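Please read the structure below before turning to the comments.
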Amino acid sequence: MMDYEVIGKPSAQYEGLTPNLSDYESAREGFDWYRDAFPELDWLPGGGLNNAYEAIDRHVHHGYGDKSAMIWAGKNGEEETYTYAEMKELSDRFGSVMNGLGIQRGDRVFIFMDRLPELYVAALGVLKAGGVIGPLFSAFGPDPVLDRMQDAGARFLITTPELRNKIESILSKVETLEKVIVVNKGGRYREPLAKGDLDYYELMSVASSEGFQIAGTGQYDYSIMHYTSGSTGKPKGVLHRHQAVVQQYMTGKWCLDLNFDDVYFCTADPGWVTGTSYGMMAPWTNGVTNVIYEGGFGANAYYDVIDRYKVTVWYTAPTAIRLLMRAGAGPVASHDLSSLRFIASVGEPLNPEAVVWGNEHYKMPIHDNWWQTETGAIMCSNYASMEVRAGSMGRPIPGVEMAVLDEDYNPKPAGEAGILALRPGWPSMMHAYWGQDEMYSSRFRKGWYITGDQASLDEDGYFWFQGRADDVINTAGHLVGPFEVESALIEHPAVAEAGVIGKPDPIAMEVVKAFVTLNPDYEWSTALRRELMQFSRQKLAAGVAPREIDVVDVMPKTRSGKIMRRLLKARELGLPEGDTSTLEDD
Ligand code: PRX
């Protein structure tokens, strides 16, 4: 048995409600089980399914059109509130815009935007028109945007004038791109739009929601794609289907405890999977009021949002929680956080001290849960209905089989660390890596989906995260593929080779660190280091670019020429060279 601290007993209302896994055994046998179990979802006439319909329109059809769906808190102090009826009307109208532009079922529409209300309206409109949305993190520089849009064959891009300018240099390289729709929110940007671009507000003012019909999407149609990093190659486009909404809806209930009256605040950006699955689909399918805060992290800023809008359920991430811990008790005391009744966290290991701190300062435990871009929704969770074991990511959701495997992919006994795996077949399971079938298949072994994480299981069925099984870096909850960073660095004329690792960090868990060798005519200097930092930040994004860069005389490589990132890491961490015997050597 492991040592852990039990934080927060389930409150009386949940007694006896811990889901009983055996009741859900049939889940893997077919998707229809979910359909019967969640009669609240409407489905489309004829048996189709559209996630935007289930999120928004369903509530309007059931008489809740006047309820607030979204409160937007802008970064300049703006505030806008939208009811479910308004969200339906606007997204229908945008669906009609997209139909007017000739969108076809399955077309990829990229959205590169800050958290503006128009991002959400546009995303829902595209989904209703049968398109696939590809949301991109607005901090990205031109390279990641180009790689992703080119890979996916994007046909449309929705963005803001500033962000469009940032990626101006790459737009003509995306050969499939036909139209750029630009949202100049509140006239924030004063220059005229670039020639050929379409003005979002003009399009919306002439479009009509009258007679708009949701495309007859089915449960297996693609809806959303998010790019995620592996240890080799550029990021891969993870494709999800409309049926993922079923699991997003139910885990919203089970793992975030969403009730119809809740005011919900998810701090994730829709450029990452948490920002769509739990920034859009889970809250809206559960009919809650969803607070969208445009600004970035700030202890006072987050607490202001909670205080001002009387947030009841808050979903955030360990890095944010560690920063809040560092900000201390002062900002907590100067805000009224009494509306909060449930806090959850995802994306990185939530250290036990953070759970204990939350319990002291917010007077409730922080509920860790685990999932991935590929899983589309929460798979393992500390439920409101069970005791929270500080440091554990909880137990699998009903119907899902999760296990710790040995190297031959056979289950290991409780207490031993191994490969974290899931039995395929849950509704929000990714259906493809765009155009990379082999890579997709490589994630499945002996009937298991291999997560890429290492974990252990205790005797009561709680899972404990141990680490990643690959070189992927988790910095502030964002996965960074070393290859993407290395590729950007070697584009600089001074750099011959680059090797990138995750260096442990007390706040962000890991920061990106790069080692380079130089081309013959270059000498290492602080000026060159600074130049490389700036170069990579411009190309990638501040959070993805290396925080530290060092030079090495020789890049350690395997016989086949692969850079030995693990050796670089061992050296960085001061591990004796002897300890590198466990490092992969090919
Ligand atoms: O390594 C695990 C870590 O984040 C990875 C998934 O990252 P991504 O696909 O970007 O999705 C993030 C949002 C769901 C996992 O393979 N991770 C996620 N949640 C946890 C975690 N590590 C430890 N504890 C967690 N609760």
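Atoms within each ligand, like the ligands themselves, are counted from 1 in listed order. What you see is a predicted model; the values in this text were computed from it and never measured.
Under a 4.0 Å criterion applied to the non-hydrogen atoms of N474, ligand 1 contributes the atoms 3 (C), 4 (O). Against a heavy-atom cut-off of under 4.0 Å, V346 is close to the following atoms of ligand 1: 14 (C), 19 (N).
Residues Q248 and S277 have side chains that bring a donor and an acceptor to within less than 3.5 angstrom of each other. With hydrogens and angles left out, the side-chain atoms of S229 and E484 include no donor and acceptor closer than 3.5 Å.
Heavy-atom proximity to atom 17 (N) of ligand 1, evaluated over G394, G347, P349, is greatest for G347. Which of L479, V480, T451 comes nearest to atom 10 (O) of ligand 1 through a heavy atom is settled by distance: it is L479. For the residues H367, Q454, E348, M393, the heavy atom positioned nearest atom 25 (C) of ligand 1 is part of E348.
Protein heavy atom in closest approach to atom 20 (C) of ligand 1: W370 CD1, 3.5 Å. With hydrogens left out, the protein atom closest to atom 2 (C) of ligand 1 is D453 OD2, 3.0 Å, a heavy atom. Given atom 26 (N) of ligand 1, the protein heavy atom at minimum distance is N369 O, 2.7 Å. The single protein non-hydrogen atom nearest to atom 13 (C) of ligand 1 is T274 OG1, 3.4 Å, given as residue, atom name and distance. Here the heavy atom of the protein found nearest to atom 6 (C) of ligand 1 is W371 O, 3.7 Å.
By the criterion of a heavy-atom distance under 4.0 Å, the side chain of D368, and not its backbone, is placed next to ligand 1. Under 4.0 angstrom from ligand 1, the non-hydrogen atoms of F465 all belong to its side chain.
The ring of Y222 has its center no closer than 6.0 angstrom to the ring center of H240. Taking the six-membered ring where the residue is Trp, the centroids of W357 and Y362 are separated by under 6.0 Å. Ring pair W272/H226: centre-to-centre distance not below 6.0 Å.
The shortest N or O to N or O distance between T373 and ligand 1 is under 3.5 Å. At least one N/O-N/O distance between R468 and ligand 1 falls below 3.5 Å.
Relative to the six-membered ring of Y409, K446 misses at least one condition, a distance below 6.0 Å or an angle of at most 45° to the axis. Note that R241 lies outside the cation-pi zone of Y220, set by a 6.0 Å cut-off to the ring centre and a 45° limit from the axis.
Atom CZ of F112 and atom CZ of F140 lie 8.5 Å apart (nearest 0.5 Å).
Partner N369 forms a side chain to side chain donor-acceptor pair (under 3.5 Å) with one of Y315, Y383, Y278, W254 and no other, that one being Y315.
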